[in-house]
Chemist: 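Got a structure here, written out as C-alpha cells. Questions coming.
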Amino acid sequence: MFDRLKRSVKSLRSRITERRLGETARSVRLDGLTYLSVEKMERIEQALREVEAAGVPGDFLEFGVALGGSAIVIAERAVADGRTFRGFDVFGMIPEPTSDKDDAKSKERYRQIASGKSRGLRGGVYYGYRSDLFTEVVASFTRYGLPPVPGSVELHKGLFEETIPVVLPDPNRPIAFAHIDCDWFDPVAYCLKTVGDRLAVGGIVVLDDYNDYGGCRTAVEEFLATRPDLELEIGPSAAIRRR
C-alpha cells in the first residue's frame, strides 16, 4: 500500500514537472526520442536559459546523442541564439567500459547491452542495435526543422578521440554549454578534458550519468580536483559551472 502510494506521488510530481518543459522537450519525449527523465530534461533547459540570459559566449555541444531527443532541444536553442550546435556519438553500439574505475553496475549494464537483450523505448529496438542510427537521427533533426548544416547544426559520427580533435581543433573557441551523456569513466574523462579551458565564464556542463554510474562520478571528481575555477552542482543531473 505504502509503495503504491509512493509511486503515485512520484508519477504526479513527474507530470507536474513535465508541464514546465518547453514544447520541443515535451514533443521529443512523446516521440520516444529520449531516455532522459522529465527532471533531467528540465535541468538541461534550465542551464540553457541561464547561459542565454547571461550572454555566455560559445557553442552548444552534446557528447552522446543516442536517439537525438535532448540534442534536438539543445540544437533548437543554439540556432535560435545564433550559435553552433555540435553533437558527437558513435551512432551504434556503445563502446565497452574498460577502465578499472568503472563500477560493477556499469560493466553489468554493458554486458546486458552486448548480449542483445537490452530493450528500447516502449518495447522497440534498442538504439544501439539499429542498422543505420545516424540516418534515423538526421531524419529526426530534419523533421524538427533542424537539418544538419555545417556551422549551424552538426552531427559527428565516430569515437570521440577520433572526431573531436578534427571537429574542435581550436582551443580558443569558447563553449557555453555541454551535455555529457556517455556513461563510462574514459569517455566522460575525455569529454571533460576537451571542454576544460574552453568553457566560458558562466558556462555550464550538465552530466547525465553522475548519479548513475561510478566511472562517470570518478571522472568528474578527478577532473574537478584540478580545477578550482569550476563548481559542482548536485541535482537530478549534476552540473559543472565556471564562475
Chemist: Could you see if I234 belongs to whatever hydrophobic cluster contains V220? Use Ile, Leu, Val, Met, Phe, Trp, Tyr and a side-chain cutoff under 4.5 Å.
Modeler: yes
Chemist: At what distance, to the nearest 0.5 angstrom, does CD of E222 lie from CZ of F185?
Modeler: 4.5 Å
Chemist: For residues V125 and F134: do they belong to one hydrophobic cluster (side chain heavy atoms under 4.5 Å, members Ile, Leu, Val, Met, Phe, Trp, Tyr)?
Modeler: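 V125 clusters together with F134.
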Chemist: Measure from the side-chain N and O atoms of D103 to the backbone N and O of Y213, and report whether any donor-acceptor pair falls under 3.5 Å.
Modeler: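 Judged by distance alone, no pair lies under 3.5 Å.
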Chemist: Between R243 and E233, is there a salt bridge with N-O shorter than 4.0 Å?
Modeler: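 A salt bridge links E233 with R243.
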Chemist: Does any non-hydrogen side-chain atom of T194 lie less than 4.5 Å from one of F160?
Modeler: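 Answer no - side chains too far apart.
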Chemist: Whether R86 and E154 form a salt bridge (side-chain N of Lys/Arg under 4.0 Å from carboxylate O of Asp/Glu) is what I want to check.
Modeler: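 Counted as a salt bridge, because a side-chain N and a carboxylate O are separated by less than 4.0 Å.
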Chemist: Identify the two heavy atoms, one from S106 and one from G215, that lie closest to each other, and give their separation to 0.1 Å.
Modeler: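 That would be OG-N, 4.5 Å.
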Chemist: Check whether any side-chain heavy atom of L30 sits under 4.5 Å from a side-chain heavy atom of V28, and report yes or no.
Modeler: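 Side chain of L30 against side chain of V28, heavy atoms only: no contact under 4.5 Å found.
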Chemist: After noting the C-alpha distance and the side-chain angles of R227 and D197, does the key distance pass the side chain to side chain contact (heavy atoms under 4.5 Å, CB included) rule?
Modeler: CA-CA 10 Å; R227 299 299 304 252; D197 293 334; 2.9 Å; yes
Chemist: Search all heavy atoms of F60 against all heavy atoms of E52 and return the closest pair with its distance.
Modeler: CE1-OE2, 4.1 Å
Chemist: Apply the test side chain to side chain contact (heavy atoms under 4.5 Å, CB included) to residues F85 and V79: give CA-CA distance (whole Å), side-chain angles for both, the deciding distance (0.1 Å), then the verdict.
Modeler: CA-CA 7 Å; F85 168 81; V79 170; 5.9 Å; no
Chemist: Looking at the rings of Y190 and F63, which for Trp means the six-membered one, are their centres under 6.0 Å apart?
Modeler: no
Chemist: Using only atom types and a distance under 3.5 Å, with no angle test, would you say the side chain of E45 pairs donor to acceptor with the backbone of A25?
Modeler: no
Chemist: Between P57 and P174, what is the shortest heavy-atom contact and its length?
Modeler: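 Nearest heavy atoms, P57 then P174: O-CB, 3.9 Å.
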Chemist: Compare every heavy atom of P148 with every heavy atom of L155, then report the nearest pair and how far apart it is.
Modeler: CD1-CG, 4.0 Å
Chemist: Does either side chain, that of D31 or that of Y144, offer a donor lying less than 3.5 Å from an acceptor on the other one?
Modeler: yes
Chemist: Are side-chain heavy atoms of V188 and F223 found at a separation under 4.5 Å?
Modeler: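 No, every pair of side-chain atoms sits at 4.5 Å or beyond.
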Chemist: Is there a chain of hydrophobic side chains (I, L, V, M, F, W, Y, each step under 4.5 Å between heavy atoms) that links I175 to V65?
Modeler: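 Shared cluster, no.
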Chemist: Side chains of T163 and K157, heavy atoms from C-beta outward: is any pair under 4.5 Å?
Modeler: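 Side chain of T163 against side chain of K157, heavy atoms only: no contact under 4.5 Å found.
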Chemist: Look at the side chain of S27 and the backbone N and O of E23, then say whether any donor-acceptor pair between them is shorter than 3.5 Å.
Modeler: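 Not a single qualifying donor-acceptor pair exists.
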Chemist: Is the backbone N or O of A200 less than 3.5 Å from a side-chain atom of R242, with the two atoms forming a donor-acceptor pair by type?
Modeler: no
Chemist: Shared ILVMFWY cluster between I94 and L121, side chains joined below 4.5 angstrom?
Modeler: yes
Chemist: Is any NZ, NE, NH1 or NH2 atom of the basic residue among D208 and R43 found under 4.0 Å from an Asp or Glu carboxylate oxygen of the other?
Modeler: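 Salt bridge: no.
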Chemist: Using the rule side-chain hydrogen bond (donor to acceptor under 3.5 Å, both in side chains), only one of R111, Q112, K105 pairs with E108; which is it?
Modeler: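 Single side-chain hydrogen bond (donor to acceptor under 3.5 Å, both in side chains) partner of E108 among R111, Q112, K105: R111.
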Chemist: Given side chains that start at C-beta, do those of L199 and L230 come closer than 4.5 Å, heavy atoms only?
Modeler: yes
Chemist: Among R173, R198, R83, find the residue that satisfies the salt bridge (Lys or Arg N to Asp or Glu O under 4.0 Å) test when tested with D59.
Modeler: R173
Chemist: I240 versus L192: any side-chain heavy-atom pair under 4.5 Å?
Modeler: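 In contact.
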Chemist: Looking just at side-chain N and O atoms, do E50 and Q46 make a donor-acceptor pair shorter than 3.5 Å?
Modeler: yes
Chemist: Between S118 and Y129, does the side chain to side chain contact (heavy atoms under 4.5 Å, CB included) criterion hold? Intermediate values first, please.
Modeler: CA-CA 9 Å; S118 192; Y129 305 153; 3.3 Å; yes
Chemist: Would you call K101 and E221 a salt bridge, taking side-chain N to carboxylate O under 4.0 Å as the test?
Modeler: no
Chemist: Working note: F88 + V167, criterion side chain to side chain contact (heavy atoms under 4.5 Å, CB included); need CA distance, chi angles, decisive distance, verdict.
Modeler: CA-CA 10 Å; F88 298 85; V167 177; 3.7 Å; yes
Chemist: Roughly how far, to the nearest 0.5 Å, is the CG atom of D229 from the OG1 atom of T226?
Modeler: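 It comes to 8.5 Å.
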Chemist: Which pair of heavy atoms, one from V195 and one from V205, lies closest together, and at what distance?
Modeler: CG1-CG2, 3.9 Å
Chemist: Hey, are the side chains of L133 and L67 touching, using non-hydrogen atoms and a 4.5 Å cut-off?
Modeler: yes
Chemist: If Ile, Leu, Val, Met, Phe, Trp and Tyr residues are connected whenever their side-chain heavy atoms lie under 4.5 Å apart, and connections chain through other members, are V73 and I204 in the same group?
Modeler: yes
Chemist: Does CG in D100 sit with more than 12 non-hydrogen atoms of other residues, nucleotides or ligands closer than 6.0 Å?
Modeler: no
Chemist: Is the backbone of M41 close enough, under 3.5 Å, to the side chain of R29 for a donor and an acceptor to pair up by distance?
Modeler: no
Chemist: If you round to the nearest 0.5 Å, how far is CD1 of I180 from OH of Y210?
Modeler: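 One finds 13.5 Å between OH of Y210 and CD1 of I180.
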Chemist: With heavy-atom distances below 4.5 Å as the criterion, would you say the side chains of L36 and I44 are in contact?
Modeler: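 Yes, close enough: below the 4.5 Å cut-off.
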Chemist: Using 0.5 Å steps for rounding, measure from the CZ atom of R77 to the CG atom of L48.
Modeler: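 These two atoms lie 7.5 Å from each other.
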Chemist: Verify, without hydrogens or angle tests, whether W184 (side chain) and S99 (backbone) share a donor-acceptor contact under 3.5 angstrom.
Modeler: no
Chemist: Using a strict 4.0 Å threshold on nitrogen-to-oxygen distance, state whether K40 and D212 make a salt bridge.
Modeler: yes
Chemist: To the nearest 0.5 Å, how far apart are CG in D181 and OG1 in T34?
Modeler: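 If we round to the nearest 0.5 Å, D181:CG and T34:OG1 are 8.0 Å apart.
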Chemist: Which distance, rounded to the nearest 0.5 Å, do you find between the CD1 of I164 and the NZ of K193?
Modeler: 11.5 Å
Chemist: Looking at P97 and D102, what are the two nearest heavy atoms and their distance?
Modeler: CB-OD2, 3.4 Å
